[in-house]
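Data block below; observations after.
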There are 2 protein chains.
Amino acid sequence: MNRRDEIVAAAVGILEAAGPEALTMRRLGHAVGMRAPSLYKHFASKDELLAALQEHALADLGAALERSGGTVCGLARAYRTWALAHPALYDLAMRHPLARHRLAPGVEEAAAAPVVSAAGGDVDRARAMWGAAHGLVDLELAGRFPPGADIDAAWAETIRLFSMGTAQ
Amino acid sequence: MNRRDEIVAAAVGILEAAGPEALTMRRLGHAVGMRAPSLYKHFASKDELLAALQEHALADLGAALERSGGTVCGLARAYRTWALAHPALYDLAMRHPLARHRLAPGVEEAAAAPVVSAAGGDVDRARAMWGAAHGLVDLELAGRFPPGADIDAAWAETIRLFSMGTAQ
DNA sequence: ACCTGAACACCGTTCAAGT
DNA sequence: ACCTGAACACCGTTCAAGT
């Protein structure tokens with residue numbers, strides 16, 4: 001484990017334990033035993049650090065989807081569960097433009113593959129499914145549904161629609 | 001137009017012209033002819049200002065949906081068009097918890113009504129539609145789809161699914 | 001009642017200097 | 001090659017003071 005990976009691991013730890021606003025260069029430096037300016041010997045900017053975290057998040061989510069079975073329902077369940085368990089990483093993975101030239105090759109495709117497969121190979125339908133799942137997750141994470149809203153029922157309705165005309 | 005509304009209007013102007021990171025208390029003060037600390041005579045905090053902007057956004061989006069005709073397709077078109085035209089206000093409207101006790105009564109319901117109506121009165125289906133639309137819009141605004149992705153086609157597929165079993 | 005300048009505790013980032 | 005302290009240009013916010 002080189003210094004760069006150590007820093008990424010520490011950043012993940014801060015993100016999971018204390019949320020995105022806690023991830024400052026000074027605090028991250030402290031976590032790995034150096035001052036903030038020294039971090040710039042390992043990452044050109046905080047954005048480059050965030051790109052590394054995004055790659056980590058995408059790989060981890062992709063692996064969770066891979067394990068989900070492959071049905072629309074299983075996929076949806078795995079997607080929502082992962083997002084709720086890792087809200088800050090989910091935000092990084094889905095709400096920042098991908099620095100595709102810096103991303104390890106295949107990471108984006110690997111995360112997308114189970115969705116495309118559940119959509120029967122139709123990429124437009126896969127993106128519709130992605131959009132629906134992302135929207136429900138994002139609204140839930142934002143605390144934006146009215147109090148008492150039955151989020152499970154909204155998911156069930158979404159899953160029902162996207163299961164129609166899909167080989168299960 | 002009282003001072004409070006003047007400040008909100010100036011904030012909307014900054015948001016639309018220069019994006020969310022440009023909306024600082026110092027710059028907003030400058031736009032309305034005072035120093036940043038004076039803004040705190042009108043708003044207790046920046047969060048309270050953002051809540052006022054959220055209400056403004058919700059009312060404006062609600063009016064746009066009202067004018068959309070009422071079909072799933074028309075509604076989806078109006079939703080996406082408004083969001084792409086007002087990305088910063090859209091983010092405020094949908095990605096921050098609603099301060100419902102401070103919101104003018106009826107604003108949230110008015111924005112939701114056209115969607116619930118298009119869903120035939122089924123609130124779970126309405127939330128599924130909201131989630132799907134929000135997800136597609138949010139991924140598009142984040143620049144998260146791969147280059148060359150046919151976003152129109154993903155919308156078309158989503159609209160097709162949500163039009164099934166809905167009286168048009 | 002409304003506005004001000006000065007200050008506080010933070011940010012990300014740069015840079016000359018040390019080893 | 002790696003790390004440091006000091007500094008810069010920002011934040012949101014507080015507060016004593018002025019009118």
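In the text below, chain A, chain B and the rest are named by the order of the sequence lines, each starting its count at 1.
- Computed from coordinates, the B:L39 CG to D:dC11 C1' distance equals 14 Å when rounded to whole Å.
- In this structure, A:R80 pairs ionically with A:E140, as a charged nitrogen and a carboxylate oxygen lie closer than 4.0 Å.
- Summarising the geometry, the separation between CZ on B:R35 and C1' on C:dA7 is reported as 16 Å, rounded to the nearest angstrom.
- Of the side-chain N and O atoms in A:H42, none sit less than 4.0 angstrom from OP1 or OP2 of D:dA1.
- Atoms CG and OG, from A:L65 and A:S117 in turn, are 11.0 Å apart once rounded to the nearest 0.5 Å.
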How would DNA chain C look in dot-bracket form, 5' to 3', counting Watson-Crick and G-U wobble pairs with both distances under 3.5 Å and writing | for bases paired to another strand?
-> ||.|||||...|||||.||
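- One interatomic measurement links the two molecules: CZ of B:R4 to P of C:dA1, which rounds to 17 Å at whole-angstrom precision.
- Remark: P of D:dC10 and NE2 of B:H30 are 14 Å apart, rounded to the nearest angstrom.
- Note that CD1 of B:I151 and CZ of A:R127 are 8.5 Å apart. Values are rounded to the nearest 0.5 Å.
- For B:D91 and A:R95, the salt-bridge test passes: some basic side-chain N is under 4.0 Å from an acidic carboxylate O.
- Two residues are said to be in side-chain contact when any heavy atoms from C-beta on lie closer than 4.5 Å; B:P37 and B:M25 fail this criterion.
- The nearest whole Å value for the distance from the CZ atom in B:R3 to the C1' atom in C:dA1 is 12 Å.
- With sequence neighbours excluded, no residue forms a ring-ring contact (aromatic ring centres under 6.0 Å, His included) with A:H56.
- Residue B:M34 contributes atom CE, which lies 16 Å from atom P of C:dA1 at whole-angstrom precision.
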For nucleotides 12-19 of chain D, read 5' to 3', which letter fits each nucleotide if B means a protein heavy atom sits under 4.0 Å from the base, S means only the sugar-phosphate is that close, and - means neither?
-> BBBB----
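- Classification of A:R4 and A:E48 as a salt-bridged pair holds, one side-chain N sitting under 4.0 Å from a carboxylate O.
- For the pair A:L58/A:L92, no side-chain contact is recorded, criterion being any heavy-atom separation below 4.5 Å from C-beta on.
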